[in-house]
Structures are given as C-alpha cells and as structure tokens.
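Here's the structure, in structure tokens; my notes come after.
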Amino acid sequence: MKIATWNINSVRRRSALLEHWLQATQPDIVCLQELKATEAEFPFDACERAGYGAAVVGQKTWNGVAVLTRDAEPRVVRRTLPGDAKDKQARYLEVAHAGVLVASLYLPNGNPQPGPKFDYKLAWFERLLRHAQSLLQTGEPIVLAGDYNVVPTDRDIYDTRSWLDDALLQPESRDAYARLLAQGWTDALRHKHPKDFGLYTFWDYKRNRWPRDAGLRIDHMLVSAPLRPKLRAASVHKPMRGVEGASDHAPVWLEIAV
DNA sequence: ATGTCGAGCAAAGCTCGA
C-alpha cells in the first residue's frame, strides 16, 4: 500500500498537475495541504477522473487540507484538531481507509517569530502532541502526514545561515517535533534514509533555490509502531518540483507491506 | 532588505501569507 503527502500550494492552480500525477503514481491514499480553496472550489472532478474520492477541509484563500482515496470515498474520522474550539483554520483531517488511520495536517508556518503567529504555531503543536499521544494509545496503524513546517535537524537543510531566524528552525519548533517522535512515532523518510544529506521536500521560489538544490525537509510522514516493521520504502518525488508550474513542495510517499 | 509565487479585491497594481 502506497501513501503520499503533498503540499500542493493551491489545488485550483495545480488541478491538472494533480490529475496527471495521480494517474501516473496511483497512491492508495493521498494527503494534500495548502489547498487555498473552499470545499466548494475543490476540483473533485479532476480527482474523480483519476479514480479518487476526496474528503476536504477547506477555507477561503489560505490553508486547507484533503485526503484522497483510490477507488473509494474516504471515511472521515475527524475534521479538526482537538483542543481549541475557537481555532477555525483548516489544517487537520483524519480519514480511515484500508485498515489505516491517516491524518493530513498543515502545521502553522509561524513566521515572523517571535510574535503571535509563532505563538499560534507552538500552541497548535502542543495540541497535536496531546492528540497524537491519544492516537498512539489505540495501538492502531496510523500515519500522520503533512507539512509540519519544521526542519528537524541541520541535516535536513542545505545551509542554515539564511534561515536561523526563521520559525522553521527555531529550537522550540524542533523540540516539539522531537517530543512528538519521542512518543513512539517513526519519521518514515528519515528512517529509510538515516544518513542522507539532500533529503529535501521544499525549495523556496525565491533566490533561485530549486536550481541550486537549496532545499529543506519540512514535509513528514510519521508512522505508529505497528507500521514501522512494515515500512518497505519512503522517498521524495523530487521531479515534481521541477515541472512547469510546480508547487514549491515535492510529494513524499511511503510504501507499507500489506 | 532581498527574492517569487498565489489569492483577493476589483479592474491594476497593491497587500498578505508563505
């Protein structure tokens, strides 16, 4: 079984690209982030042509997450991250499919820091930590996939110099991610490539960063203990960053033995 | 500070967010 996650950076701008990519790669489950669209604006038709059903948590202009399932309608488990009923940002969606619980999450960017946006990021992270702990305690096969907006270590970035003040590299952000892993989650991509440098998922549009391969690893797939021994492969679909009209993120995928 | 995208507002170039 193949599961993928992709920060698509506007699902309307890239609906044709999404359709072609689905047809070419055929993952069983796909998590999308940064739809920049409401549910009404979501290209259900393009997904359907590629053979996918879709569940969408959308919002006008910003954020937005979705989960697509091949040859099936997704069974939605929850549409919000628990812990703050006043938080209306579309950043979390949980679906059950083929015996796996899959979450598509879009953690707040947090820039500029310090400031209210960074505070929101850290508060969202604490909510995720609490919910992830309760999910782990079920003992079920679970994948938490998405754009975490965290560069876990200096191995996950080309060079830290121009990013030292960025919210993605702050010690508080990295500490929260480390505490999440310490609960018992496995970072699938890093687990399969423990020593690799150049394992990136995001290349900023600015400053010629894609041609220079000046990337960051911020899109992660965390799997629960029952899935860890079943992990066959995990990788980045890097060519998708180089196509005409690309998102600034490449898809990440993993394969589980069934 | 810079750089490049995408969306929104509204009719063109700005602002915001990333």
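Within every chain, numbering begins at 1; the chains are lettered A, B, ... in the order of the sequence lines, protein sequences first and strands thereafter.
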(message) Counting primed atoms plus P, OP1 and OP2 as sugar-phosphate and everything else as base, spell out the protein contacts along nucleotides 10-18 of chain B at 4.0 Å heavy-atom distance: B, S or - for each nucleotide, 5' to 3'.
(response) -------SB

(message) I need the CZ-C1' distance between A/R209 and B/dC5, as an integer number of Å.
(response) 13 Å

(request) Give every residue pair that meets the ring pair (Phe, Tyr, Trp, His ring centres under 6.0 Å) criterion with at least one member in residues 64-90 of chain A, sequence neighbours excluded. (result) none

(request) Between B/dA11 and B/dT15, how far apart are the C1' atoms? Round to whole Å, please. (result) 16 Å

(message) Does B/dA7 have its OP1 or OP2 closer than 4.0 Å to a side-chain nitrogen or oxygen of A/R14?
(response) no

(request) Quote, to the nearest angstrom, the P distance that separates B/dG6 from B/dA10. (result) 22 Å

(request) Give every residue pair that meets the ring pair (Phe, Tyr, Trp, His ring centres under 6.0 Å) criterion with at least one member in residues 174-194 of chain A, sequence neighbours excluded. (result) A/Y148-A/Y177, A/Y177-A/H220

(request) Using the C1' atom as the reference point in each nucleotide, state the distance between B/dA12 and B/dA7 in Å, no decimals. (result) 15 Å

(message) Distance alone, cut at 3.5 Å: any donor-acceptor contact between the side chains of A/W21 and A/H237?
(response) yes

(request) Give every residue pair that meets the salt bridge (charged side-chain N to carboxylate O under 4.0 Å, His left out) criterion with at least one member in residues 23-32 of chain A, sequence neighbours excluded. (result) A/D28-A/R70

(request) Using whole Å, report how far CZ of A/R212 lies from P of B/dT4. (result) 12 Å

(message) Could you tell me how far B/dA1 sits from B/dG13 if I compare only their P atoms? Round to whole Å.
(response) 27 Å

(message) So, using side chain to side chain contact (heavy atoms under 4.5 Å, CB included) as the criterion, who are the partners of A/R12 when residues are at least two apart?
(response) A/S10, A/A37, A/E41

(request) Report the distance from atom CG of A/L35 to atom C1' of B/dG6, rounded to the nearest whole Å. (result) 13 Å

(request) Give every residue pair that meets the ring pair (Phe, Tyr, Trp, His ring centres under 6.0 Å) criterion with at least one member in residues 58-113 of chain A, sequence neighbours excluded. (result) A/Y92-A/H131

